[in-house]
Amino acid sequence: MCGRTCCHLPVDTIRRACRYIDYEGEEQLPEWKDEDKYFPSYNKSPQSNSPVLLSRLHLDKDADPSERIIASMRWGLIPSWFRDADASKLQFNTSNCRSETMMERRSYKVPLEKGRRCVVLADGFFEWQQFRGDKQPYFIYFPQTKTEKSFFSRSVDEKVWDDWKMLTMAGIFDCWEPPNGGETLYSYTIITVDSCKALSDIHHRMPALLDSEEAVSKWLDFGEVPIHEALKLIHPVDNIKFHPVSTVVNNSLNNTPQCLEPVEIEDPYLSYARPKATTKSSQKEEPELPKRPRQLMQKNPTPTKRNSAGLMEQWLKKYGEAYNKKPKIQ
DNA sequence: CCAGACGTTGTT
DNA sequence: GTCTGG
DNA sequence: CCAGACGTTGTT
DNA sequence: GTCTGG
């Protein structure tokens with residue numbers, strides 16, 4: 001599941017991390033709508049704003065459909081029909097959306113049918129593993145080109161973050177007009193799936209990750225890629241790294257780099273070791289033991305099947321597999 | 001037809 | 001136990 | 001997601 | 001606004 005992220009990079013660094021190649025083969029930096037509504041934090045919770053990618057076609061009627069923009073949006077989707085004057089009065093949770101039922105849920109089906117697909121950006125997300133009533137948080141993120149360790153020390157040179165590969169999560173957004181007037185509120189939900197093998201020891205759900213440029217492009221391009229094609233992108237993704245972090249992250253007010261710092265933890269598997277019951281009378285059901293989380297080395301993701309025609313297909317032929325070969329800016 | 005919901009997570 | 005606020 | 005509140009009257 | 005339950 002996904003109820004906390006880290007997104008601490010400044011606007012310009014994020015824009016550079018989001019450079020991409022459009023269908024004309026041109027390198028682009030996305031424009032940022034509502035730049036001033038984004039506040040970087042090592043500890044972002046629902047109701048706060050984070051950067052999301054979306055097709056410019058949502059805002060400009062005759063934009064190139066492959067053109068991406070970044071917008072600051074509220075985490076926790078407010079359906080367009082919500083009538084209370086205060087968005088925070090919504091009486092149900094929309095920070096996550098189950099992929100299995102999203103086409104049946106009124107709050108998600110309607111925006112999905114309008115093509116309101118977005119890609120939520122973060123340095124990574126946090127997940128809490130439960131054992132013996134305790135909770136161990138982990139930081140979870142895409143594998144990096146530079147060694148992961150170089151990002152997490154206390155005295156890290158902030159410039160190393162220029163090389164961070166941001167996490168890209170599939171989301172749905174909606175637009176809400178405050179009944180008493182004011183600006184349109186853009187808000188989003190993060191789609192969840194069963195967890196991948198690598199994460200299954202930590203938790204049984206995870207956000208739907210888009211782990212290639214091709215997947216991001218298809219999820220965003222609601223003009224070229226119909227829902228039934230886009231839904232094929234929503235599945236567990238194993239291309240992931242993680243490490244345990246301090247419980248400092250538990251309190252969302254703790255906005256410090258310590259939230260990312262790896263910590264040594266007592267092996268929960270060993271901590272469960274105890275004598276086995278030998279008599280029939282004490283043959284109670286043993287509580288299930290959490291397994292030792294392992295850092296699994298993952299292969300490159302297999303490219304998604306290509307189905308759509310026209311510009312999209314041409315673009316894919318040329319750039320679809322250029323994933324990770326980021327062209328330099330200038 | 002009207003009334004009322006509209007959502008996810010986890011869990012002994 | 002359940003909801004709100006961060 | 002976790003942390004922390006969960007309530008009213010009247011009072012200084 | 002739209003769907004489900006009665």
Side-chain angles (χ1 to χ4, degrees), chain A residues 1-8 37-50 74-84 86-114 116 120 122-141 167 169-179 184-185 187-195 199-200 202-208 234 242 244-256 258-260 284-288 290:
Chain A
M1 221 274 292
C2 188
R4 204 76 72 81
T5 68
C6 174
C7 190
H8 86 285
K37 295 192 174 112
Y38 163 63
F39 300 99
S41 173
Y42 291 94
N43 205 334
K44 302 281 291 181
S45 57
Q47 301 181 63
S48 72
N49 290 318
S50 279
R74 180 194 193 269
W75 187 1
L77 183 149
I78 306 300
S80 56
W81 46 261
F82 186 59
R83 282 299 150 222
D84 197 298
D86 181 358
S88 70
K89 294 265 166 46
L90 187 73
Q91 288 296 294
F92 49 96
N93 270 2
T94 54
S95 52
N96 290 136
C97 161
R98 291 182 67 82
S99 57
E100 296 88 343
T101 52
M102 60 182 171
M103 294 308 291
E104 299 151 19
R105 296 281 175 265
R106 297 193 268 295
S107 299
Y108 305 134
K109 187 177 90 168
V110 172
L112 269 175
E113 282 166 348
K114 293 178 184 158
R116 292 183 170 171
V120 182
D123 306 336
F125 69 102
F126 298 101
E127 197 80 89
W128 280 259
Q129 178 189 50
Q130 299 210 224
F131 58 96
R132 269 195 175 173
D134 282 348
K135 288 173 183 175
Q136 175 59 53
Y138 291 80
F139 181 56
I140 305 172
Y141 46 97
L167 194 67
M169 299 175 279
I172 303 167
F173 72 94
D174 209 349
C175 305
W176 176 70
E177 304 293 342
T184 303
L185 177 73
S187 58
Y188 68 86
T189 186
I190 296 178
I191 297 172
T192 64
V193 295
D194 277 332
S195 71
L199 297 180
S200 60
I202 297 177
H203 209 76
H204 70 104
R205 301 289 288 174
M206 71 182 288
I234 304 302
F242 59 86
V245 293
S246 157
T247 55
V248 161
V249 75
N250 287 15
N251 191 322
S252 62
L253 296 175
N254 293 334
N255 166 21
T256 77
Q258 212 192 331
C259 293
L260 302 185
K284 282 191 180 172
E285 197 64 35
E286 290 280 318
E288 196 154 322

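Just so it is clear: chains get the letters A, B, ... in the order the sequence lines come, proteins before strands, and each one is counted from 1. Note that the structure is predicted; figures quoted are calculated from it, not measured.
For the side chain to side chain donor-acceptor pair (under 3.5 Å) test, residues two or more places apart in sequence or in another chain that qualify with A:N250 are A:W128. Among residues two or more places apart in sequence or in another chain, the side chain to side chain contact (heavy atoms under 4.5 Å, CB included) test is passed with A:S200 by A:S195. Residues meeting the salt bridge (Lys or Arg N to Asp or Glu O under 4.0 Å) test with A:E113, sequence neighbours left out: none. Taking A:P40 as the reference, A:Y38 meet the side chain to side chain contact (heavy atoms under 4.5 Å, CB included) condition, with sequence neighbours excluded. Every residue two or more places apart in sequence or in another chain that forms a side chain to side chain contact (heavy atoms under 4.5 Å, CB included) with A:N251 is listed here: A:L253, A:N254. Not counting sequence neighbours, the partners of A:F126 by the ring-ring contact (aromatic ring centres under 6.0 Å, His included) test are A:F139. With sequence neighbours left out, the side chain to side chain contact (heavy atoms under 4.5 Å, CB included) criterion links A:S252 to A:R4, A:N43, A:S45.
A donor-acceptor contact under 3.5 angstrom links the side-chain atoms of A:N93 to the base of B:dT8.
Checking A:D123 against A:H8 by side-chain atom types alone, a donor-acceptor pair falls below 3.5 Å.
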Dot-bracket, 5' to 3', for DNA chain B please: Watson-Crick or G-U pairs under 3.5 Å, [ ] where pairs cross earlier ones, | where the partner sits on another strand, dots elsewhere. ||||||......
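By the 5.5 Å and 30° criteria, A:W81 is stacked with the base of E:dG1.
In this model, the phosphate group of E:dT2 is not approached by any side-chain N or O of A:K109 to a distance below 4.0 Å at OP1 or OP2.
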Heteroatom pairs (N/O) under 3.5 angstrom, protein to nucleotides 4-6 of chain E:
none

